[in-house]
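Note that the coordinates shown come from a computational prediction; the quantities given were computed from them, not determined experimentally. In listed order, ligands and their atoms are each counted from 1.
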Amino acid sequence: MSKYKSDLPNDEKLENSDRRKFFGKSAAFGVAAAAVPMSAVMFSSMAKAQAAEASNSTAVHPGDLDEYYGFWSGGQSGEVRIMGIPSMRELMRIPVFNLDSATGWGLTNESKRIKGDSAHFMTGDAHHPHMSMTDGRYNGEYLFINDKANSRVARIRCDVMKTDKMITIPNVQGVHGLRVQKVPETKYVICNGEFEIPMNNDGKASLEDVSTYRSLFSVINAQTMEIAFQVMVDGNLDNTDADYDGKYFASTCYNSEMGMTLGAMITAERDHVVVFSLARCEAAVKAGKFKTYNSNNVPVLDGRKGSKLTRYIPVPKSPHGVNTSPSGKYFIANGKLSPTVSIISIEKLDALFDDKIKPRDTVVAEPELGLGPLHTAFDNKGNAYTTLFIDSQIAKWNIEDAIKAHNGEKVKYLRQKLDVHYQPGHNHTSMGETRDADGKWLVVLSKFSKDRFLPVGPLHPENDQLVDISGDEMKLVHDGPAFAEPHDCILVHRSKIRTAKLWTRDDRMFAETVAMAKKDGVNVDTDNKVIRDGNKVRVYMTSVAPMYGMTEFKVKLGDEVTVVVTNLDMVEDVTHGFCMINHGVQMEIGPQATSSVTFTASQPGVQWYYCNWFCHALHMEMRGRMLVEA
Ligand code: RUQ
Ligand code: CUA
């Protein structure tokens, strides 16, 4: 057993209690191969019965609309996906860090401008999508997502559901946990640099001497998408969340040992939750109490142990997710290598920062839930839902009862354990990261699907499962195969989202392209023109189904050709495309949008271009010829 105080009640519901022992370092190597409680076949009849008696209906009949938007990270695909909940239908994909063949994201000049200094990267590892808030409620404005692979954060506009800003975070590697300030509004987006790196990380860096290796907490201005400041910590940061008072952010921190190998990273029995005081950090930046590194001018505050800016709350062993309860009362840190979660009282943090109490005094309970707690979600009745990665289960438990049990009262805090399939990472409830948590749905992102679907080769889909949590018991109602690791998701009520049906001609997405045309004396709304500027050629054309405004143009071999297409159609859903055959060039042009793409005319002769988005009965005829003269 854990050498920490255990709150495990004598509950018969907890089977396999012998498996529920403190999860030590040797067992860590076997995490992925962990036992699965039952086979899919044994479960199928049970699941069908459960689905049949679920109190929420999952049926969304043809033509009917879902009640919630789900925003899904696309993991290693580098994109974001929009799902409909409860149907679990995939509604849209938003390319972000990836190259997208359908829309030309990563190829068009507009997307390259947004990707900025990382426009040459075509890959990403998206983890944590979170929406901007006002007073602890979704405001439907932006969605933010991190790229662990290339240390970036992107912002998606929720009116057009396209990526609109992207930054590379300096001084860090592996941007992982990401959340937004909830109250009074999302002024800041916060994210964690997971992998510690030398400060400065230059030619003098060493593999042996790790004394200057640091992990940084980054604070980004949500409006400008520029970095406001960073805070250097001890240990390496994992996940993060914000309070409902606008005062504190909390991050889990594993590897307090600062080990560089797996064995060295998991020797300590305790790691930390680091709490950051926003006011103290802002004041320190204002007072100039920072340093800069790596020849950039981002203010880096020193938040290591002993700093006034932070507090380190010891919690058991390599904690992973941290989640704020919608009551605003608790940060819940999930134990990962410990079968517990640590409940930190947010009310007590003022006293902790004033040194009136000790860090551990803020931990008001540490209930034992099962093996491998990773993330916790919440309903509107004071219950929490924690994923148990190793047990392949969701533990439903009551927060106040766990605190009572911790204080010696004889109450059971565990409500139910539900088998999920298999090895769940994140889970999320409808509206559960806001004050509007409504206790209707829980989505569980299971990392392994094993035998749940028709086999499709060695690479399996993941399994995103939908659970009805509206009744007393959790009921599994849907299996959703998903490609490339949806690490995390949020479920947003449809009333929070207002999307545009058409682009507006003055949209900032293509403002620079329109400005370039103006300089060329071209009005993209009306003109079809070829402008030659040395060996650069700019081809401006309109499109109205089923015709391009220009059906032929001439360039010279080796010219750098920029094609700018403006879709003049005013009809919802009439998107055109532009594809230049044999040039690796294609893009989407939405109704009333302007898109452009630049390529080299590398082959002499006639080259057809065509509309590659089905727009009209004569869509096949929507094409033209580029003549490349040698
Ligand atoms: S982390 S499986 Cu990238 Cu969100 Cu927890
Ligand atoms: Cu325009 Cu197809």
Trainee: With a 6.0 Å cut-off (strictly less than), is the heavy-atom count around CE of Met547, excluding the residue itself, greater than 12?
Mentor: no
Trainee: For the residue pair Lys162 and Ile94, what are the closest heavy atoms and their distance?
Mentor: CA-CG2, 4.2 Å
Trainee: Within less than 2.8 Å, report the number of protein N/O/S atoms around atom 3 (Cu) of ligand 1.
Mentor: 2
Trainee: With Arg81 as the cation and Trp72 as the aromatic partner, state whether NZ or CZ is under 6.0 Å from the six-membered ring centre and within 45° of the axis.
Mentor: no
Trainee: Between Asp125 and Lys148, does at least one N-O distance fall below 4.0 Å, as a salt bridge requires?
Mentor: no
Trainee: Show all protein N/O/S atoms under 2.8 Å from atom 1 (Cu) of ligand 2, or state that there are none.
Mentor: His576 ND1, Cys611 SG, Cys615 SG, Met622 SD
Trainee: Using the rule given for side-chain contact (heavy atoms from CB on, under 4.5 Å), can you reason through Tyr385 versus Thr376, listing the C-alpha separation, both sets of side-chain angles and the distance that settles it, and then say yes or no?
Mentor: CA-CA 5 Å; Tyr385 302 80; Thr376 295; 5.8 Å; no
Trainee: Has Arg155 got its NZ or CZ under 6.0 Å from the middle of the six-membered ring of Tyr142, at an angle within 45 degrees of the ring axis?
Mentor: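 Judged by the rule, Arg155 and Tyr142 form a cation-pi pair.
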Trainee: Relative to the heavy atoms of His375, which atoms of ligand 1 are at a distance of less than 4.0 Å?
Mentor: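 Near His375, the atoms of ligand 1 are 1 (S), 2 (S), 4 (Cu), 5 (Cu).
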Trainee: Which atoms from ligand 1 have a heavy atom of Lys447 less than 4.0 Å away?
Mentor: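 Those atoms are 2 (S).
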Trainee: On the six-membered ring of Tyr422, is Lys450 placed so that its NZ or CZ lies under 6.0 angstrom from the centre and within 45° of the ring axis?
Mentor: yes
Trainee: With a cut-off of 4.0 Å, which atoms of ligand 1 are near a heavy atom of His320?
Mentor: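 Contacts of ligand 1 toward His320, numbered from 1: 1 (S), 2 (S), 5 (Cu).
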Trainee: Between Glu552 and Arg625 (salt bridge meaning N to carboxylate O under 4.0 Å), is one present in this structure?
Mentor: yes
Trainee: Hey, can you tell me if Phe249 and Phe217 have their rings parallel, tilted or perpendicular (30° and 60° cut-offs)?
Mentor: tilted
Trainee: In plain terms, say whether Asp525 and Arg505 are close enough for a salt bridge, that is, a side-chain N and a carboxylate O under 4.0 Å apart.
Mentor: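 Salt bridge present between Asp525 and Arg505.
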Trainee: Does a salt bridge link Arg214 with Asp234, judged by any charged N lying under 4.0 Å from a carboxylate O?
Mentor: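 No, no charged N to carboxylate O under 4.0 Å.
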